[in-house]
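The structure appears below as structure tokens.
Values below: all heavy atoms of this structure, side chains included; hydrogens, waters and symmetry mates excluded.
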Amino acid sequence: MSSYMGVHVSDQWLQSQFMQVELRSLKSKAYLNLQGRATAKSGASKQSSSFLKATTTTLLHTISESEKASYVAHINSYLGDDPFLKQFLPIDPATNDLFNLAKDGVLLCKLINVAVPGTIDERAINTKRFLNPWERNENHTLCLNSAKAIGCTVVNIGTQDLVEGRPHLLLGLISQIIKIQLLADLSLKKTPQLVELVDDNNDVEELMGLAPEKVLLKWMNFHLKKAGYEKPVLNFSSDLKDGKAYAYLLNVLAPEHCSPSTLDTKDPKERAKLVLDHAERMDCRRYLKPEDIVEGSPNLNLAFVAQIFHQRNGLTTDSKKISFAEMMTDDVQTSREERCFRLWINSLGIVTYVNNVFEDVRNGWILLEVLDKVSPGSVNWKHASKPPIKMPFRKVENCNQVVRIGRQLKFSLVNVAGNDIVQGNKKLLLAFLWQLMRYNMLQLLKNLRSHSQGKEITDADILKWANNKIKQTGRTSKIENFKDKSLSSGIFFLELLCAVEPRVVNWNLVTKGESDEEKRLNATYIISVTRKLGCSIFLLPEDIMEVNQKMILTLAASIMYWSLQKAVEDVESSPSPSNGICTATPDASPAQSVSGEDEISSLGGEVSYLNIDDDDSDTAVSSQLENEKSPTVE
């Protein structure tokens, strides 16, 4: 749905040093300073006042009252019975109660759980009628890191923006969360019946790579064609303004409720009203008004079409087609890794949004964007082709550059060429992305160490650091490596979290981690507490329970990054939140939890490569791929 734009600085590290509030202030001052110089140079004093007005205009944001009313109705409907929030609901859309209620972070956390159930362990949410600044900040940190973990873009929004209840940013975030909820079933995995939208097997892969919005349009046009509506619907705005497409769609999906007058009427607003009446008879939630259709509101139209799809998708239950669709979906482990890498890439703030890693990276462009983000200056953009790319060899050129850069970064890419990426070799892509994510993780840690002129941090250092942190607290938990089976109980990570920030773990909520249920409770709590602390992580409870070595390493490294960053800030006495795998929130706790210089100087060593030796987690792509390979272009 609606997106929001903050102030963007091309230098990622520089941007990470300021809150959006500070950046907006700096932007305004910069504009005025530049204008003042221009005025002094030209002597055109009258222009200064008009420029001042223009600056004020650019810094103001308008919000759609219709969208606000729609989101309020959604919140009232889905959270009206929530044990904590019901005392504040229903919200009146005519007031600013939505923005005021969102200021403590509880509403947004609960809304995320409605969109993707189980994302946040609600035991980690601070739920009191009156929260102190640290508790409120923790909720907002938990909210933003969890929003990233379900696919929201939150690059240009910080906890201070939520504390202030900035309307356009809050509505932008809320709309993304609701959109994710409404479009959750628009995939072959969730709705295998969608296979009916394609004619042959070759189109199935294309369907799997489409964004949910595109799948929804494809579904709508599929039914409109059956209904005899000849004009294709290409968007959720201008193509729906006259209401005719809606009339045809509802007539074919629910003919028992159709009314001939819907198409007979000449007044678009009257037709829109009849369309909504028809939908209401189908028990579709009515979140938009006739004028929203006539005015072509893209966000509300998308929400309305999604509601129709949920209520009655009109697709076949042909068992043969459904079985074929289910065969096309990935196994659990592959699907889980694809999700992790997709969310990580989208959290980096690159221009292109990834909907399906295996399909979207095949032209090489997204991988080049990611490489340029994690290793600035490594990409030769003059030799890169931007999508849409019609010529196949251009895709291979992009992917050849990806492989070359990977080798420069010392990735293990034995007998790999660009064409392997173009062909969509899943095992290769997962191995490459893991090395890319791990490289980014170690670089962030290395950059922190540069404050003390230390050596690069290795996997062994992360392990040693974690064990030492726990040992310093007098506890006895210790692991031999990141595949230590004892990690499945969750106790080690809870003790590590407590070691870096004593007040963050409520031990009354921790189980012994013996049964599967106890392990799951601990794992979900660990993930939420880690995000609440300030870490941006993308693993699932199953990754902890099953001791997924790669995901365990990212979790440990994220906690270490937060702790080291906090130590640097304590030494320098100038808090500076960073935009990496963790976003530190120095004001999240009044307690001192690290020992400054001792914390920083306790590590050393050279970069080493972690050997992931389980079959599903190869980091090395070896010659075994040769049997799968097509002819390559070098």
Exercise for the section: Report yes if the side chains of K532 and T141 come closer than 4.5 Å at any heavy-atom pair, otherwise no. Expected result: no
Completion exercise
One should read off an interatomic distance between M551 CE and E542 CD, to the nearest 0.5 angstrom, of 13.0 Å
Completion exercise
Closest non-hydrogen contact found for W562 with C535 is CB-SG, 3.9 Å
Handout entry: From L300 atom CG to F236 atom CZ, the distance as rounded to the nearest 0.5 Å
Key = 12.5 Å
Practice task
Nearest 0.5 Å please: distance from the CG atom of L182 over to the CD1 atom of I177.
Solution key: 12.0 Å
Problem - Pair listing, salt bridge (charged side-chain N to carboxylate O under 4.0 Å, His left out) test, anchored in residues 351-371, at least two apart - result: E205-R362, E359-R362
Practice task
Step by step, work out the side-chain contact (heavy atoms from CB on, under 4.5 Å) result for M437 and C340.
Solution key: CA-CA 10 Å; M437 185 180 188; C340 173; 4.0 Å; yes
Problem - Polar side-chain atom of Q435 near backbone of S412 as donor-acceptor pair, under 3.5 Å - result: yes
Fill in the blank from the handout: Those residues at least two apart in sequence (or on a different chain) that pass side-chain contact (heavy atoms from CB on, under 4.5 Å) with P541 are R520, A523, T524, I527
Problem - S488: side-chain contact (heavy atoms from CB on, under 4.5 Å) partners, not counting sequence neighbours - result: K519, V547
Practice task
Please report the C-alpha distance between T530 and L555 in whole Å, then the side-chain angles of each, then the deciding distance to 0.1 Å, and finally whether the side-chain contact (heavy atoms from CB on, under 4.5 Å) criterion is met.
Solution key: CA-CA 8 Å; T530 306; L555 177 59; 3.9 Å; yes
Problem - Between K189 and S335: side-chain donor-acceptor atoms closer than 3.5 Å - result: yes
Practice task
For residues D121 and I526, determine if any side-chain heavy atom of one lies less than 4.5 Å from a side-chain heavy atom of the other.
Solution key: no
Handout entry: Any side-chain heavy-atom pair of L442 and R438 under 4.5 Å
Key = yes
Practice task
Report yes or no: does D185 contribute a side-chain atom to a donor-acceptor pair with the main-chain N or O of K190 at less than 3.5 Å?
Solution key: no
Handout entry: I479: side-chain contact (heavy atoms from CB on, under 4.5 Å) partners, not counting sequence neighbours
Key = L463, N467, F482, D484, S486, L487, F492
Practice task
Would you give the length of the straight line joining atom CG of L173 to atom OG1 of T153, rounded to the nearest 0.5 angstrom?
Solution key: 10.0 Å
Fill in the blank from the handout: F538 and A149 have their tightest heavy-atom pair at CD2-CA, 4.0 Å
Handout entry: Sidechain-backbone polar pair: D239 side chain, L234 backbone, donor-acceptor under 3.5 Å
Key = yes
Problem - Contacts of F309 that satisfy ring-ring contact (aromatic ring centres under 6.0 Å, His included) - sequence neighbours left out - result: W219
Problem - Side chain to side chain, F222 and L315, heavy atoms closer than 4.5 Å - result: yes
Exercise for the section: Determine, step by step, whether I345 and L433 satisfy the side-chain contact (heavy atoms from CB on, under 4.5 Å) criterion, reporting the C-alpha distance in whole Å, the side-chain angles of both residues, the deciding distance to 0.1 Å, and the verdict. Expected result: CA-CA 9 Å; I345 292 171; L433 286 167; 4.0 Å; yes
Practice task
Please lay out, stage by stage, how W344 and N440 fare under the test side-chain contact (heavy atoms from CB on, under 4.5 Å).
Solution key: CA-CA 11 Å; W344 170 67; N440 177 231; 3.5 Å; yes
Problem - Side-chain heavy atoms of L207 within contact of V215, under 4.5 Å - result: yes
Under 3.5 Å donor-acceptor pairs involving side-chain atoms of residues 379-392, not counting sequence neighbours:
from : atom 1 : to   : atom 2 : distance (Å)
N380 : OD1    : K382 : N      : 3.1
N380 : ND2    : H383 : ND1    : 3.3

Exercise for the section: Just jot down the side-chain contact (heavy atoms from CB on, under 4.5 Å) partners of C399, sequence neighbours excluded, or say none. Expected result: I421, V422
Exercise for the section: For the residue pair F341 and L429, establish whether any side-chain heavy-atom pair is separated by less than 4.5 Å. Expected result: no
Handout entry: Test item: side-chain donor near acceptor, Q401 and E397, under 3.5 Å
Key = no
Handout entry: Partner residues of Y229 under the ring-ring contact (aromatic ring centres under 6.0 Å, His included) criterion, sequence neighbours left out
Key = Y248
Problem - With Y246 via side-chain hydrogen bond (donor to acceptor under 3.5 Å, both in side chains) - residues at least two apart - result: N301
Completion exercise
Here the gap from L445 atom CG to Q565 atom CD, rounded to the nearest 0.5 Å, amounts to 10.5 Å
Problem - Test item: P298 and N235 side chains (from C-beta on) under 4.5 Å apart, heavy atoms - result: no
Problem - Minimum heavy-atom distance between I180 and C152, given as atom pair plus value - result: CD1-SG, 3.6 Å
Problem - Note: E206-K218 ion pair, threshold 4.0 Å (strictly below) - result: no
Practice task
Say whether, by atom type as modelled, one donor and one acceptor occur between the side chain of S375 and the main chain of L371 under 3.5 angstrom.
Solution key: no
Practice task
Return the set of residues passing salt bridge (Lys or Arg N to Asp or Glu O under 4.0 Å) with R342 (not counting sequence neighbours), or none when no residue passes.
Solution key: E338
Practice task
Could you pull out all residues at least two apart from N113 that satisfy side-chain hydrogen bond (donor to acceptor under 3.5 Å, both in side chains)?
Solution key: E122
Practice task
Give a yes or no on whether the backbone of L217 and the side-chain of N221 come within a donor-acceptor separation of less than 3.5 Å.
Solution key: yes
Exercise for the section: Nearest 0.5 Å please: distance from the CD1 atom of I552 over to the OG1 atom of T554. Expected result: 8.0 Å
Problem - Closest contact, heavy atoms only, R531 versus I537 - result: NH2-O, 3.0 Å
Practice task
For K226, look at atom NZ and say whether over 12 heavy atoms of other residues, nucleotides or ligands are found less than 6.0 Å away.
Solution key: yes
Practice task
Quick one: list whatever passes side-chain hydrogen bond (donor to acceptor under 3.5 Å, both in side chains) with S378, sequence neighbours left out.
Solution key: none
Problem - For the student: nearest non-hydrogen atoms of G209 and N356, plus distance - result: CA-CB, 4.1 Å
Practice task
Check whether any side-chain N or O of Y439 sits under 3.5 Å from a backbone N or O of K410 as a donor-acceptor pair, and report yes or no.
Solution key: no
Handout entry: Side-chain donor/acceptor of D543 to backbone N/O of L540, under 3.5 Å
Key = yes
Handout entry: Note, H223 side chain near L253 side chain (heavy atom, < 4.5 Å)
Key = yes
Fill in the blank from the handout: Between V155 and S347 the two heavy atoms that sit nearest each other are CG2-O, 4.1 Å
Practice task
Keeping the roles fixed (side chain from Q443, backbone from V374), state whether a donor-acceptor pair exists under 3.5 Å.
Solution key: no
